[in-house]
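A short write-up of the structure that comes next.
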There are 2 protein chains.
Amino acid sequence: MNSRVAELLPQRAAKIAQQLLDIIEIQKLEPGHKLPPERQLADMLEVSRPSLREALHILQAQGRVQIKHGQGTFVQEPLIAQELRASVMSKTHGLNELFNAREVLEVPASKWAAEKATKENIRLLRATLNQIDTITAAEPIDYEQLQTLDAKFHLTIVEIAGNRFINQTLNVLQDVMKMSMETTLRFPGRLKISRNEHSAILAAIESGDGDLALKLTLQHITGARAVALANAQVKNPD
Amino acid sequence: MNSRVAELLPQRAAKIAQQLLDIIEIQKLEPGHKLPPERQLADMLEVSRPSLREALHILQAQGRVQIKHGQGTFVQEPLIAQELRASVMSKTHGLNELFNAREVLEVPASKWAAEKATKENIRLLRATLNQIDTITAAEPIDYEQLQTLDAKFHLTIVEIAGNRFINQTLNVLQDVMKMSMETTLRFPGRLKISRNEHSAILAAIESGDGDLALKLTLQHITGARAVALANAQVKNPD
DNA sequence: TAACCTCCAGTGGTAAGACCTCTTGGAGGA
DNA sequence: TCCTCCAAGAGGTCTTACCACTGGAGGTTA
C-alpha cells in the first residue's frame, strides 16, 4: 500500500488492512482460502467490526480478497497492478473519451510541428525511434520502457508544435492513458505497424508536409484505438 | 461506474457515492465548497451514517472530496484537473496559444454536443443565453458576470459533448483565459455579434446539425481571437 | 489594547449492539 | 431418493453512544 493512496484512505481501516495482509502473507494463505468470519477477525485483531469491515472493503477494492454474502471472505489472487489501475480509472474516463481527446489535440499539433520543425527537432525524434528499436530488439521486451518511449515520441512532436497549453494537456493525458490501459504495443503485429507509422510521421514532419503529418497521425491513433478497444472487450466481455 | 468496479466496492456505499457525485454535479458545487455535515447528509439521503461515511471514503479515495477531521468535507477538483492546473499555472501562455487550444478542443466538442443534446440540455443553454441578455440589458453592464456566463455557455456545450477529459481541460483553459485577458465582450459591437453567434450555435445544436455547429463555433472563436489580439496590440504596442 | 489561554460547539472517527438478508447444510417427510 | 423447510452461520446495514479534532468566542493578563 503506497503512501499516496494511504493518505486518501481512512487511517484506522488502512492499518487493519495492512494487518490482514500480513496475516495472509505470514500464514501463506492461498487464493481461495476462506478467512475467519468478520466477528472472529475483529476479536482477534481487537478492533470493532465496522472498522474490520471497512478494511476488508479496502482489500476487496485492491483485489486481495473476495467478500461473498452469506459465505465468507476468501483470499484472492492479486490482480495485475495495471488491471487494477485500469478498473479504477475507467470509472472516471472511458477509453473512447481519452482517444477522442488525444485525436483532437495531437492531430493538429502534428501539422503545426511539420510546419516548424528544425533539424535538431528531427534529430531528437529520430533518436527516440532508434531507442524504440533498441528496446524492441532486446529479449524479453521491456514493455514499460517501450510505452514510455512511445509517449516520448508523440510528446516531442507536440512540443515542436509549440503550444504550451496543449503540450501540458497532452502530458497529463499520456499519464492518464498510461494508468488506464496497457500499451497497445504488446499486441501481435502492433509493434511493427506502429514503427512503420512512426517513421512515416517523422518523414512527413521532416519534409514539412503538415497535411500528410496530420493524416498519418490520425491513422496511427485510430489504429491504436482499435487495438485498445478490442483488448478491453476481451478483458471485460460483460 | 462499470460493473467490474462495482463488484470491487460495497454496493450500498457505491450507490450512495454516486448519489453524492450527482448532487455535486447538479448543484455545480465548486472545489473548496463545504458539504453539509455527515449527519445531515445521511438524513438527506435517508441512509445510515456509517454507510454515508463509507461512501465519502470512496469519494476521497477518488480524490473527489477531502475529509478534514473537525472541519468538514470539501469538494475537490478531480485529480486530473488538479494536475493539469498545476502544470499549466507554472507557465505563462500567449493569446494565440490559448485560442489555438480553445479551437482544437471546442470546435469538435460542439459537433459532438449537436449529436447528443437532449431537450433539457437545450433548455439549460437557452436559460444561460437569457441570463446573458438580462445582464446585457442592465446599466451599467456587469462585465465580470457577463464573462462568467459566456464561459458557462461554452462549457455547458462541452459538458453535453460528454468527454470528461476535454471538459476538465476546457474548464482549466477558461480559467487561464480569464486571468490572461479581459472579456472580448467589452469591445464595441462585440456583444451583439457574440449574442447572434451564440444563438446560431444553439440553433445548430438544437437541430442536431453537427457540421453547422462546428463551423459556427470556429467562426465565433476566430472572431473573439481577432478582437482579443487587436486589443492586445492596443494595450501593448511593442 | 493586544496577546494568550480556556472552554464549548460543531464536525469527523470509532465502537457496540441489534436487526436484516443471504447461503448452506441437515433433518424430516413424502 | 428427492423435496421442502428450518436453523445456523455469515455478511450487510442501522442506531446510538462515546471519543478526538478544530476553530471561534469569551475572559484574563500584561
Side-chain angles (χ1 to χ4, degrees), chain A residues 1 3 5-21 23-24 27 29-76, chain B residues 1 3 5-21 23-24 27 29-76:
Chain A
M1 208 182 295
S3 62
V5 172
E7 284 170 5
L8 296 177
L9 297 174
Q11 293 297 288
R12 184 80 168 140
K15 184 176 173 185
I16 295 165
Q18 188 57 54
Q19 285 177 292
L20 290 168
L21 282 181
I23 289 171
I24 290 172
Q27 298 188 17
L29 303 184
E30 300 290 328
H33 182 95
K34 182 174 178 300
L35 293 179
E38 292 179 355
R39 291 171 174 90
Q40 193 175 325
L41 277 176
D43 283 347
M44 283 168 52
L45 298 181
E46 296 184 333
V47 296
S48 75
R49 189 171 152 230
S51 297
L52 186 279
R53 289 178 52 74
E54 193 153 6
L56 286 175
H57 289 160
I58 288 171
L59 291 183
Q60 178 163 257
Q62 293 175 356
R64 302 306 305 266
V65 300
Q66 187 174 21
I67 298 166
K68 295 181 185 179
H69 188 174
Q71 301 183 47
T73 300
F74 302 85
V75 176
Q76 190 163 264
Chain B
M1 216 180 289
S3 62
V5 172
E7 286 169 2
L8 296 177
L9 296 174
Q11 295 294 290
R12 185 77 168 143
K15 184 176 172 185
I16 295 165
Q18 187 57 53
Q19 285 177 290
L20 290 169
L21 281 182
I23 289 172
I24 291 171
Q27 299 188 14
L29 302 182
E30 301 290 329
H33 181 95
K34 184 174 178 300
L35 294 180
E38 292 180 355
R39 291 169 177 92
Q40 194 176 325
L41 279 176
D43 283 347
M44 280 168 53
L45 297 181
E46 297 183 336
V47 296
S48 74
R49 192 171 150 229
S51 298
L52 186 280
R53 287 179 53 73
E54 194 154 6
L56 286 175
H57 289 159
I58 289 172
L59 291 183
Q60 178 163 253
Q62 294 173 2
R64 301 306 308 265
V65 299
Q66 187 174 19
I67 298 167
K68 296 180 183 177
H69 188 174
Q71 300 183 48
T73 301
F74 301 85
V75 175
Q76 194 162 262

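Here the structure is a predicted model, which is why all the values come from computation and not from measurement. All chains are named by letter (A, B, ...) in the order of the sequence lines, taking the proteins before the strands, and each is independently numbered beginning at 1. Side chains are part of it too, since the values below use all heavy atoms of this structure and drop only hydrogens, waters and symmetry mates.
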remark   = Among the nucleotides C:dG12, D:dT15, D:dG11, whichever has the atom closest to the side chain of A:Thr73 is D:dG11
task = With the side chain of A:Ser48 defined as its heavy atoms from C-beta on, choose the nearest nucleotide among D:dT15, C:dA16, D:dG11.
result =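 Closest of the options to the side chain of A:Ser48: C:dA16.
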Distance from [X] atom [atom1] to [Y] atom [atom2], nearest 0.5 Å?
{"X": "A:Ile16", "Y": "A:Arg53", "atom1": "CD1", "atom2": "CZ", "value": "12.5 Å"}
{"X": "B:Asp43", "Y": "B:Glu38", "atom1": "CG", "atom2": "CD", "value": "12.0 Å"}
{"X": "B:Leu52", "Y": "B:Arg39", "atom1": "CG", "atom2": "CZ", "value": "11.0 Å"}
{"X": "A:Leu45", "Y": "A:Lys15", "atom1": "CG", "atom2": "NZ", "value": "11.0 Å"}
{"X": "A:Lys34", "Y": "A:Leu29", "atom1": "NZ", "atom2": "CG", "value": "12.5 Å"}

In whole angstrom, give the distance that lies between atom [atom1] of [X] and atom [atom2] of [N].
{"X": "B:Arg53", "N": "C:dA15", "atom1": "CZ", "atom2": "C1'", "result": "12 Å"}
{"X": "A:Glu38", "N": "C:dA15", "atom1": "CD", "atom2": "P", "result": "14 Å"}
{"X": "B:Arg12", "N": "C:dC22", "atom1": "CZ", "atom2": "C1'", "result": "16 Å"}
{"X": "A:Leu41", "N": "D:dG11", "atom1": "CG", "atom2": "C1'", "result": "12 Å"}
{"X": "B:Arg49", "N": "C:dA18", "atom1": "CZ", "atom2": "C1'", "result": "18 Å"}
{"X": "B:Leu52", "N": "C:dG12", "atom1": "CG", "atom2": "P", "result": "9 Å"}
{"X": "A:Lys68", "N": "D:dG12", "atom1": "NZ", "atom2": "P", "result": "13 Å"}
{"X": "A:His57", "N": "C:dT14", "atom1": "NE2", "atom2": "P", "result": "16 Å"}

message = Pick the closest DNA chain C nucleotide for A:Pro50 and for B:Lys34 by heavy atoms, then say which residue is nearer the 5' end.
response = B:Lys34
task = Using only heavy-atom distances, decide whether a donor-acceptor pair under 3.5 angstrom links the side-chain of A:His69 to the base of C:dT23.
result =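 When only heavy-atom distances are counted, A:His69 does not reach the base of C:dT23 through any donor-acceptor pair under 3.5 Å.
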No-H, no-angle donor-acceptor pair, A:Arg39 side chain to D:dG9 base, under 3.5 Å = no
ask   = Looking only at side-chain N and O atoms, does B:Gln71 come under 4.0 Å of OP1 or OP2 in D:dC21?
value = no
